[in-house]
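To keep things clear, I will list the structure first and then write my remarks on it.
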Amino acid sequence: MTTPKPKMRVFFACTATLAAALAFAPARAAEPAFATAPAKGTVSAVRLLSAGPLEGAAYRAGVEISLAPKTATYWRQPGEAGSPPVFDFSKSINVAKVETAFPTPKHLDEAGTIVAGYDETVIFPLKVTPKDPKAPVTLALDLDYAACGKICLPAKAGLSLALPQSGASPFASVINAAEKRVPVKISGAEAAKRLSLKKDGDSWRLSVTGPGRVQDVFAEVADPLFIESKREGANFALTLFSTGPKPKSANATLTIITEREAFEAPAHLE
């Protein structure tokens, strides 16, 4: 007669005890998600990122657009051509306001047309203010944008992220870096001290005083107008164009990038 081995009885007993313990153990809470899965397009992808829990009265977050090599997407006012991104957060839950910031763009040459945009991965920082700070927040985004390489492709993304109320985000550092790339807004009074605009034919010559040599200038104006900025020596020439009747003056917003800083200033062309 064969006698069962004692070690086998101990193994089966331990397995049964472990199974029973697991059956009655409380379920572990899911780890907070600090990013959505990418919404992939043909030459681009979009994610929502969270910088972490509520800070003061708002959450910090970001919209990341990743681009394939030799592909570009656009700034909020690209210029003569291009389609700016449109952010729609209306489907969000427990959100009073979302403020979207734009990092400084580049001037890009698209088949001879100069546009303002980004030719590498870009994160648009978000400041999300909840209606009730004590209640959970779901940030929902419908995004329309363009991704342009040899051809320009319209793209859409629909994303939703429950903003974590605890934990350390692995995306906090990249959102911090994106926030630092956003130009600082200065007042009209400060702009009057730092900027000089002089009419020169169909253009205005812009000179800037202050620390650091000016590297680039981006100009915004209300539709149907647009402004082309072009370096002329140490200064820049701003030329006003219109798809309709051309006015003699216009209010503009100038984004000025120097060796030391980037700032956004109001300006009046007359």
[atom2] on [Y] to [atom1] on [X], rounded to 0.5 Å:
{"X": "Ser166", "Y": "Leu54", "atom1": "OG", "atom2": "CG", "value": "12.0 Å"}
{"X": "Lys40", "Y": "Ser66", "atom1": "NZ", "atom2": "OG", "value": "10.0 Å"}
{"X": "Ser187", "Y": "Arg194", "atom1": "OG", "atom2": "CZ", "value": "10.5 Å"}
{"X": "Glu110", "Y": "Cys152", "atom1": "CD", "atom2": "SG", "value": "6.0 Å"}
{"X": "Ile93", "Y": "Thr138", "atom1": "CD1", "atom2": "OG1", "value": "4.5 Å"}
{"X": "Leu159", "Y": "Thr36", "atom1": "CG", "atom2": "OG1", "value": "4.5 Å"}

Criterion side-chain contact (heavy atoms from CB on, under 4.5 Å) on Val137 and Val95, from CA distance to verdict:
CA-CA 7 Å; Val137 168; Val95 170; 3.6 Å; yes

So which heavy atom on [X] is nearest to which on [Y], and how close?
{"X": "Pro84", "Y": "Gly82", "value": "CD-O, 4.0 Å"}
{"X": "Thr73", "Y": "Ala146", "value": "OG1-O, 2.7 Å"}
{"X": "Ala191", "Y": "Ala265", "value": "CB-CB, 3.9 Å"}
{"X": "Ser203", "Y": "Thr239", "value": "OG-OG1, 2.6 Å"}
{"X": "Pro211", "Y": "Glu261", "value": "CG-OE2, 4.3 Å"}

If we ignore hydrogens and angles and just use 3.5 Å, is the side chain of [X] paired with the main-chain N or O of [Y] as donor and acceptor?
{"X": "Ser44", "Y": "Gly41", "result": "no"}
{"X": "Asn94", "Y": "Ala135", "result": "yes"}
{"X": "Asp109", "Y": "Gly112", "result": "yes"}
{"X": "Ser92", "Y": "Ala140", "result": "yes"}

Report yes if the distance between the aromatic ring centroids of Phe171 and Phe34 is under 6.0 Å, otherwise no.
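Phe171 vs Phe34: aromatic centres not under 6.0 Å.
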
Do [X] and [Y] make a side-chain contact, defined as non-hydrogen atoms from C-beta onward lying under 4.5 Å apart?
{"X": "Val43", "Y": "Leu67", "answer": "no"}
{"X": "Lys97", "Y": "Phe89", "answer": "no"}
{"X": "Val86", "Y": "Tyr145", "answer": "no"}
{"X": "Pro105", "Y": "Phe218", "answer": "yes"}
{"X": "Glu220", "Y": "Thr255", "answer": "yes"}

Check the orientation of Phe87 and Phe102. Use parallel for under 30°, tilted for 30 to 60°, and perpendicular for over 60°.
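Judged by the thresholds at 30° and 60°, the geometry between Phe87 and Phe102 is perpendicular.
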
Option from Arg181, Glu264, Gln215 for which side chain to side chain contact (heavy atoms under 4.5 Å, CB included) with Thr104 holds:
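Of Arg181, Glu264, Gln215, side chain to side chain contact (heavy atoms under 4.5 Å, CB included) with Thr104 is met by Arg181 alone.
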
So among Leu143, Leu49, Thr100, which one has a side chain to side chain contact (heavy atoms under 4.5 Å, CB included) with Val63?
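Going through the options one by one, the only one that passes is Leu143.
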
Check this for me: does any side-chain nitrogen of one of [X] and [Y] sit under 4.0 Å from a carboxylate oxygen of the other?
{"X": "Arg47", "Y": "Glu64", "result": "yes"}
{"X": "Lys199", "Y": "Glu270", "result": "no"}
{"X": "Lys91", "Y": "Asp142", "result": "yes"}

Residue pairs involving residues 155-218 (criterion disulfide (SG to SG under 2.5 Å); sequence neighbours excluded):
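Listed once each, the pairs would be none.
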
Could you go through residues 118-132 and list every donor-acceptor pair under 3.5 Å that involves a side-chain atom there, pairing it with any protein atom two or more places apart or in another chain?
from: Tyr118; atom 1: OH; to: Pro103; atom 2: O; distance (Å): 2.6
from: Asp119; atom 1: OD1; to: Lys106; atom 2: NZ; distance (Å): 2.9
from: Asp132; atom 1: OD1; to: Lys134; atom 2: N; distance (Å): 3.0

Using a side-chain heavy atom cutoff under 4.5 Å and only I, L, V, M, F, W and Y, what cluster partners does Leu254 have?
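Ile186, Leu195, Leu197, Trp204, Leu206, Val208, Val214, Val217, Val221, Leu225, Ile227, Phe236, Leu238, Leu240, Ile256, Phe263, Leu269, which link up through side-chain heavy atoms under 4.5 Å apart, make up the rest of the cluster.
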
Counting only heavy atoms from other residues, nucleotides and ligands, does the tally under 6.0 Å from NZ of Lys230 exceed 12?
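Atom NZ in Lys230 is not packed in, count stays at 12 or less.
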
